[in-house]
Every structure is written in C-alpha cells, then in structure tokens.
Amino acid sequence: MRVGRGEQVANYVVLAVFAVLAVYPIVTVLVSAFGHDAGAPGGLANFREAWDVGHFGTYLRTSVVVSLIVVSVATVLSLLAGYALGTMRFRGATVLFYVFLLGIMMPAEAVVVPLYFDLRSLGLTDTVWAIVLPQIAQSVAFGTFWLRAYFRTTHRSMVEAARLDGASSWTTLWKVLLPPARPAVTTFVVLSFMWTWNEFLIPLVMVTDDSLRTAPLGLAFFQGQYTQGFTLLAAGAVLVALPVVIVYLFLQRHFIAGMLEGSVRE
Amino acid sequence: MSVTSRARRSAPPGEPRTIGWLYAAPALLVYGAFLLYPLIRAAQISLYDWDGLTVGTWAGLDNYRQVAQDDGLRSAFGHALVLMVFFAGVPLVLGLALAAVLNRAKVRGLAFFRTVVFLPQVIAMVVVAVAWRRIYAPDGSLNDLLSAVGLGDLGRAWLGDYALALPAVGLIGTWFETGLVTVLMLAGMGRVDRQLYEAARLDGAGPVREFFAITLPAVRGEISVALTLTVIAALKTFDLVYVTTKGGPGNETSVPSYEVYHQAFEVGAVGLACAIGVTLTVVIFAISFVITRLVERGDA
C-alpha cells in the first residue's frame, strides 16, 4: 500500500529504535564477555576461563545430555500418541486429548514440590532422571497436541491406500506419514530443545550436585559466588545462550511458527 | 494395484479399536506419572500441615485460608497483577501499534526486524536476568544514561529500591514480550484483505479509523493468543525473580511462583507451598478460559 514519504521515513525510525532496544541487553552481555577485568584475561581467553574455572564445560555437558534424552524420547512418544489421536478413532480419544491439553497449561510450579518429595523417596533426586523425566512429560503434552493437529490435516486417502497395500499401522506411520511430516516434527524438536535447554526451576529443585547442574542453573549459581566484576559472568551467559541462539538463527521460521500457532504452553 | 486376499485378511479396513490406546500408552504413562499424578499429590499435600521431614498433620483448608489472608502471600498475588500490566498490557499496546505501522507500508528488511524483535523469546531467562541486573546496577548503563542527559540525581540501585524494584522487573517483561506480540499481530494483519483498506480510503478514512474499523477486529484471535501467552508468562516469572531480586527488597517483588519455591524449600512449609501452587494453577486455567471466552463472544 502506498504511504507518504514522511510516513515511510518514520517507519524506518520506529523499526530501528525497536530493533536497538531489543538487542541492547544482548549486545551488552556479548561486548562485556570479551572485556578485561580482575580474573578475566580478555578476548576469547575469557571463554576458556569460564569453561574451566566457572565449570561451564561441565554445565554445558549436562545440558547436552539432558536435552538429547528429553528431545529424542519426547519426539518418539509424541509421534506415537499424536498419530493415534490424529488418525484413529477409538473410545475415549476425545477425553484423552483434553487430558493432554491440560498438561500444556499446567505450571511446573504446581507439580515440582510433590515431584521432589516423591522422587527423593525413590532415590532419584540428584540424578539426571529427576531433571529429564518431568521435562519429557511436559514436552509430550505439547508434542501430542502439536502432532495430532498435524496428522489430522494429512489426507485420509494416504492412510487408506497404505492399508489396502497391506501396511500395518506401524509401517504406515514410519514409512508413509513420517516423511511428509518432517517440517512439523522439526518445529516440535526445536521448541522442545529450547524449553529443555532454558528450563530453570526443575533442575534447581532436583539436583544439588554441582556436576549435575544444567547451564542456566550453573550461571545462576556462578552469579551468586563470583562477584569480581561482570566479564566472566558475561562469558558464561554467552555460552549458556549460544546453542539456542544458533539454532534460532538457522531455523527461525520453525521457532516463530511453532510459538505462534501451537503454543499455549508458556 | 491388486488387493490380495492375504492383505485383506491381515490389514482389514479399520484397525481394531484398542490399537489407538496402545500407541498413546507410552506418552500417557510418562505424562501421567510426572505431571498428572504430581498435580493430584499437590492437591492432597495442600490439605496437610507438613514440613517435608516429620509426619504431616491434617489441616483441611487452613493452607488455602492462609493464602487468602496472609499479608505477604496476598501481596505476592498483587505483585503478579502488577506484572501482568507490564508483561501483557503494555506489550499488547506497543505490539499492536508497531504492527499497525509496519503493516500500512511496504517496509524493507521486515524479515530481519521480525527475527531481531523475537530474539529475546529464545534466550534463557537466566541470561536475560543477568543482562538486566547489569543494566540496572548502580554503575550500570541506565544510570549512565540518566547522568548523560543531566538527570543523574534520579540514578539509583533500581532493583534495590522499594518503590521501583517491581516496575523494574516488570519492564524486563515488557522487553521480552513486546517482540512476541508484534510478530503475532503482524501475522494476523498480514491476512487482512488489502481491498478493505483501499475501500476505506476511498471513503475517506484516515489511519486511525482504518485501525479501529478494519485492523483491530481482524486480529481478535491473535489478541486472545497473545494475552493468554503473556498473562501466563507474568504468572510464571520464577527464574526472572529468582535471579534478579529473590523477591526483595523486603517482599516487594515476591510473586506466587517464587513463593511456591520459597515456602517449600527455604521455609519448610510444604503444605502451604502446594496450596499456593494449586491456587496458581486454578488461576492460570481460569484466566485462559476467560480470555478465550471474552474474545470469542466479542466475535459474534
């Protein structure tokens, strides 16, 4: 649509102002991370210092392990459940759908307290399972919802043709329906990865062992202990944020589509 | 393609009706064990007076009474209301205005802008909190900015100020939710038929009338989604509060999600913590329901 030249210029000014406001805090951290102060050698060496002295190497390793388990298990379970609810009709399917929907809105704050005491009596606190299992459950609630919506849009004729060819429901899912579902699955994988990587409350409550701390948790504790300036803390913050930001910059369409279309989870 | 009799026998049209449950069972099992069952347990524990160590005693609805009557807990829910203004209200107004401006003209670099304003959504809240603590620090860039424009006297430790800590935490919410709302609104406005605008212009409508007559009604659904997401985010600000202020100074920035953690793991009032958690869940369900209903009714 045509607008006047003055309005066009004003638009760019507004865009620029909001873009600067959006990135300013991020750039502050990024610039500080390369700085120099007591205990921080400056430049890229800051990251090595954070990696070793700040234990960020350990925290990142825990986060990688946790994310790998949560995302892979949640994806498989969500595919199976989403396939059932999206393509099959069976008694109780509607109720089951609403039960999963409930989990999308359920705040971690409500369940984390009983989870802690029950997992403790099972001897599971201070293990990776105490961090992983509740997060698989959270991701599965959203994943089932998300993939059910996708499978409902696939053509019934594809499923019926596969059946007539003698394919079992199992083969139909993996050989016929999964290949075209790749974009929907990718969206779920990136969202689930982001939520798992960034989760704070569950690891905070479930582990006290320093070697089992995830990256965001490690950063919070590092902030409490390390008070000599901001540089190493900023380097640690960059290490914590970087993996998701890299994935975001490559797959931002998937992030935005998923957050906007499917997510009532936050 | 011929259908052999063997295929017909082994894969009849229409699966047995129970097979759906088999596929859903693994997901349901994990979900039931680690979300549903704990929620039921939370409701159960909330009826006890329990310190997490010794045997609990039956308390009936005492914990809920305390949530309603205790000044500290009531103010925590009050703070959550204030945060809703910053997390949901302000971003909605800013996002609508920003998207409406962008939607009127063909702007170059819109994809880049969308990527940038959405970026705060993907960064771990702990990192966001660390960055803003730095900005709000006594020697941070907010005070530097005030000095530069000759308002240095207004400078302070923002997160330590009794009157201003809560708005300071709220502004962080405005910062990271505005991009989400803007991108949502842009998506909604992009679907409006351009001819509607052309027609409105021929009728002599200005930008403001255009906005209220065409754009705003068209993005009702997006407004509902945006409000639900941002209001729930305001109610679940645990990590932000934990890292920036730990509820302080005094009790000024305490919120229900922080109180759940504080009461259960620092005070040892596990029953009370569960009652706060259950109340929070009910509030979240109710708000999602009300927002959806309000917006749908407005459609008619």
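Residue numbering restarts at 1 for every chain, and letters A, B, ... go by the order of the sequence lines.
- Within the model, atoms CE of A:Met106 and OG1 of B:Thr281 stand 7.5 Å from one another, a figure rounded to the nearest 0.5 Å.
- The only option from A:Asp118, A:Val113, A:Val111 that meets the side chain to side chain contact (heavy atoms under 4.5 Å, CB included) definition with B:Arg41 turns out to be A:Asp118.
- Residue A:Trp197 does not touch chain B at all, counting heavy-atom pairs closer than 4.5 Å.
- Annotation: the span from B:Met125 atom CE to A:Asn198 atom CG amounts to 9.0 Å, rounded to 0.5 Å.
- For B:Tyr242, the part lying under 4.5 angstrom from a heavy atom of chain A is the side chain only.
- A:Pro25 places a side-chain heavy atom less than 4.5 Å from the side chain of B:Ile135.
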Set out, in order, the CA-CA distance, both residues' side-chain angles and the distance that settles side chain to side chain contact (heavy atoms under 4.5 Å, CB included) for B:Val243 and A:Gln223, then state yes or no. CA-CA 9 Å; B:Val243 176; A:Gln223 178 186 245; 3.4 Å; yes
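- With respect to chain A, the highest number of heavy-atom pairs below 4.5 Å among B:Tyr261, B:Trp21, B:Trp132, B:Phe285 belongs to B:Trp21.
- Scanning both residues, B:Trp175 and A:Leu21, for their nearest heavy atoms gives NE1-O, 2.9 Å.
- Using a 4.5 Å cut-off between heavy atoms, A:Val99 contacts chain B through both its backbone and its side chain.
- Looking at B:Thr182, there are no atoms closer than 4.5 Å to chain A (heavy atoms on both sides), in backbone or side chain.
- In this structure, CD1 on A:Ile256 lies 10.0 Å from CG on B:Leu184, to the nearest 0.5 angstrom.
- Within the 4.5 Å cutoff, no side-chain heavy atoms of A:Leu201 are placed close to those of B:Asp239.
- Within the 4.5 angstrom heavy-atom criterion, no atom of B:Phe112 approaches chain A.
- B:Leu28 touches chain A through backbone and side chain together, each having a heavy atom under 4.5 Å away.
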Where do B:Thr178 and A:Phe18 land on the side chain to side chain contact (heavy atoms under 4.5 Å, CB included) test, with the steps shown first? CA-CA 10 Å; B:Thr178 299; A:Phe18 273 88; 4.3 Å; yes
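- Both the backbone and the side chain of B:Arg108 come within less than 4.5 Å of a heavy atom of chain A.
- The candidate from B:Val122, B:Val30, B:Val260, B:Leu235 with the greatest count of non-hydrogen atom pairs under 4.5 Å with chain A is B:Val122.
- With rounding to the nearest 0.5 angstrom, the CG atom of A:Leu102 is 6.5 Å from the CG atom of B:Leu36.
- Proximity to chain B (any heavy atom under 4.5 Å) is shown, for A:Leu85, by neither the backbone nor the side chain.
- Contact of B:Tyr258 with chain A is not made at all, since no heavy-atom distance falls under 4.5 Å.
- For A:Tyr12, the part sitting under 4.5 Å from any heavy atom of chain B is the side chain, from C-beta outward, and nothing else.
- To the nearest 0.5 Å, atom CD1 of residue B:Ile123 and atom CE of residue A:Met194 are 11.0 Å apart.
- Between the OH atom in B:Tyr23 and the CG atom in A:Leu77 there is a gap of 13.5 Å [rounded to 0.5 Å].
- With chain B as partner, the option from A:Pro134, A:Pro216, A:Pro107 having the largest number of non-hydrogen pairs under 4.5 angstrom is A:Pro107.
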Could you walk me through whether B:Phe238 and A:Val112 pass the side chain to side chain contact (heavy atoms under 4.5 Å, CB included) check? CA-CA 12 Å; B:Phe238 175 78; A:Val112 77; over 6 Å; no
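- Using a 4.5 Å cut-off on side-chain heavy atoms (C-beta onward), A:Pro114 and B:Cys274 make contact.
- Interface summary for chain B: among A:Val245, A:Ile26, A:Val73, the most heavy-atom pairs under 4.5 angstrom belong to A:Ile26.
- For A:Tyr116, the ring-ring contact (aromatic ring centres under 6.0 Å, His included) partners two or more places apart in sequence, or in a different chain, are B:Phe265.
- A tilted orientation is assigned to the rings of A:Phe117 and B:Trp50, their planes being inclined by 30° to 60°.
- When heavy atoms are compared at a cutoff of 4.5 Å, A:Leu204 approaches chain B solely by way of its side chain, counted from C-beta outward.
- Counting heavy-atom pairs closer than 4.5 Å to chain B, the top residue among A:Val247, A:Val205, A:Leu233 is A:Val205.
- For B:Leu39, the parts sitting under 4.5 Å from any heavy atom of chain A are the backbone and the side chain alike.
- Enclosure of atom CD in B:Gln195 is not indicated, since only 12 or fewer non-hydrogen atoms of other residues, nucleotides or ligands lie within 6.0 angstrom.
- In this structure, chain B has a heavy atom under 4.5 Å from the side chain of A:Leu96, while its backbone stays farther away.
- For B:Ser288, the part lying near chain A is the side chain, with the backbone staying farther off; criterion is any non-hydrogen pair under 4.5 Å.
- Within residues 234-243 of chain A, the residues having any heavy atom less than 4.5 Å from a heavy atom of chain B are, in residue-number order, A:Ala237, A:Val240, A:Ala241.
- Inter-residue side-chain proximity for B:Leu119 and A:Tyr248 is flagged as met; some heavy-atom pair is nearer than 4.5 Å.
- For chain A, the option among B:Ala131, B:Ala24, B:Gly277, B:Ala27 with the highest count of heavy-atom pairs below 4.5 Å is B:Ala27.
- Using a 4.5 Å cut-off between heavy atoms, B:Ile45 touches chain A through its side chain atoms alone.
- With a 4.5 Å cut-off on non-hydrogen atoms, B:Phe118 touches chain A through its backbone and its side chain both.
- In summary, the side chains of A:Tyr24 and B:Ser141 do present a donor paired with an acceptor at a separation below 3.5 Å, with no hydrogens or angles considered.
- If you measure heavy-atom distances from B:Leu98 to chain A, the contacts under 4.5 Å come from the side chain alone.
- Highest contact tally toward chain B, considering only A:Val140, A:Leu173, A:Val14, A:Leu219, is held by A:Leu219 [criterion: heavy-atom pairs under 4.5 Å].
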